[in-house]
2 protein chains.
Amino acid sequence: MGGRRRWSKREFMYRTDEPARTVYKITKGIVAESRTLDDGRRQIIGIRTVGDLCGYPEHRGRYLFCAEALTEVEACAFDGEKFVAFIGRDIDLACALAEDVSDRLRRATRNLTVIGQLKSTERVAHFLVEIHELYVSRHICTHPLTLHLTRQEIADYLGLTLETVSRSFSRLRDMRLIALVGGDAVAILDEDRLSHIAKV
Amino acid sequence: MGGRRRWSKREFMYRTDEPARTVYKITKGIVAESRTLDDGRRQIIGIRTVGDLCGYPEHRGRYLFCAEALTEVEACAFDGEKFVAFIGRDIDLACALAEDVSDRLRRATRNLTVIGQLKSTERVAHFLVEIHELYVSRHICTHPLTLHLTRQEIADYLGLTLETVSRSFSRLRDMRLIALVGGDAVAILDEDRLSHIAKV
DNA sequence: CGCCAAATTGATGTACATCAATTGGGGTGG
DNA sequence: CCACCCCAATTGATGTACATCAATTTGGCG
């Protein structure tokens, strides 16, 4: 039904308020969906990867978010209107869509608690556990764990600054819960204690 | 299909991790869904009112959240399993469900940006605009606007403390954007400027 | 009228933001 | 292959918004 498309690292798949003509299903790579305020403040609202839908739901025919490729990305592209029409004719597809959106709602509300209630180090611990579980579930996990997000991006995901994220990493390292490997990878040394700090 | 049930103010409809046997559709009143951490910190993840579904989606057969009646509440109760079975047989219902969940996802991600990026007064301004729009859309709006949430509940919704919420109210009052009417109501004096402060 | 819970306001403390300097790792060209 | 560069990450010094602790004030209700 849909054509295949590719994006290279740091390329944008689409931007907020653009006409939402296409729905994507990621087949390779990792994507950050974000919203940016007029004054430049940015909130990354989700990390998407293989199997995830992107560009849905939209709002009044326009994309709600920006989608930036964090790695090289491949996706199937579906015409938005055909996609909706198709859903309307296939009950299994409609249920699968409801389940997919429900899952994202669960994750979004979990992150609401993370950002609203947790301290900086707890947030970073939660991020590491979450990203690890995500990558394991999609069979794209490495040892050590490659994050694919810069400190700034993690900060924009957790509602912190890059310096605070960096300090939290250092604190978790000093607690011997993780080891920092190069600039973009982390070895989780004590998953139980890390999860315990992550709270949610 | 479902039986009618009632709760009085401050009564809990269900709690996190309870077996999710029933899905509710609210027919009257206002409900706060929340998640509470072991140490007592609480995040209100959504305000639900007439027309909204409650108790869905669940996770592994258990409620994800607590639901507390903020006013007297009435709802239709559906058996959870029958509800899912019903959805699986009716394409229009399945699409309506996907649309309902999508709408909540939109609101949850918007609040992610509010909590992650906005300052305290911006958050309170956003809360007022959001609650006002919600009540208008469901035809339960009053003049002045009755909030039905205590300062503590607003704080738990916005990731702040009750004192900070109170100070933000005072600041918005001093800016002549709102007027405080009694303990539980607010008159919005300048919706445009209030929305502008709310940013999102 | 008087009680009590909630809201407001004030004083102080602290976690995180901000500003600034240094370090480190990956890639390129000599 | 090494030296250099550049960007990201780390670390340090300081500032500030919000949290915390505490004292009044307000308003809804019997």
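Lettering follows sequence order; numbering is per chain, from 1.
Taking every side-chain heavy atom of A:L180 into account, D:dT10 is the closest of D:dT10, D:dT11, D:dT20. Picking from D:dT10, C:dT8, C:dG10 the nucleotide with the shortest atom distance to the side chain of B:L162 gives C:dT8. Checking D:dT20, D:dC18, D:dT11 against every side-chain atom of A:S166, the shortest atom distance belongs to D:dT11. Taking the side chain of B:S170 as heavy atoms from C-beta on, and the options C:dT8, C:dT18, C:dT9, the nearest nucleotide is C:dT9. Candidate nucleotides D:dA9, C:dT8, D:dC18 were compared by shortest atom distance to the side chain of A:R151, and D:dA9 ranks first.
Between the side chain of A:R171 and the base of D:dT11 there is no donor-acceptor pair of N/O atoms closer than 3.5 Å. Residue side chain A:E163 does not reach the base of C:dC16 through any donor-acceptor N/O pair under 3.5 Å, judged by distance alone. Below the 3.5 angstrom threshold, one finds no donor paired with an acceptor across the side chain of B:R173 and the base of C:dT9.
A:T161 comes within 4.0 angstrom of a nucleotide base, judged by non-hydrogen atoms across all strands. At a threshold of 4.0 angstrom between heavy atoms, the contacts of A:L160 are confined to the sugar-phosphate backbone, with no base atom among them.
Defined by atom type and a distance below 3.5 Å, a donor-acceptor pair is missing between the side-chain atoms of A:E33 and A:Y63. In the model, A:S168 has no side-chain atom that pairs as donor or acceptor with a side-chain atom of A:R171 under 3.5 Å. A side-chain N or O of A:T113 and one of B:R35 form a donor-acceptor pair less than 3.5 Å apart.
Between A:T164 and the phosphate of C:dC16, there is no side-chain N or O to OP1/OP2 separation shorter than 4.0 Å. A close approach under 4.0 Å does occur between a side-chain nitrogen or oxygen of B:S120 and OP1 or OP2 of D:dC18.
Put simply, CG on B:D184 is 17 Å from P on C:dA5, counting in whole angstrom units. Between the CZ atom of B:F169 and the C1' atom of C:dT8 there is a distance of 12 Å, given to the nearest Å. Rounded to an integer number of Å, the gap from NZ of B:K9 to P of C:dA6 is 11 Å. Between the NZ atom of B:K119 and the P atom of D:dA19 there is a distance of 12 Å, rounded to whole Å.
Under 4.0 Å is where a charged nitrogen must lie from a carboxylate oxygen, and between A:E72 and A:R5 no such pair does.
Five base pairs at each end of the helix from C:dC1-D:dG30 to C:dG30-D:dC1 define two local axes, and these are offset by 30° (rounded to 10°).
Taking CZ of B:R151 as the start and OG1 of B:T164 as the end, the distance is 12.5 Å to the nearest 0.5 Å.
If you run ring-ring contact (aromatic ring centres under 6.0 Å, His included) between A:Y24 and each of A:Y56, A:F83, A:W7, only A:W7 comes through.
Side chains of A:R42 and A:L37 form no contact here, defined as non-hydrogen atoms less than 4.5 Å apart.
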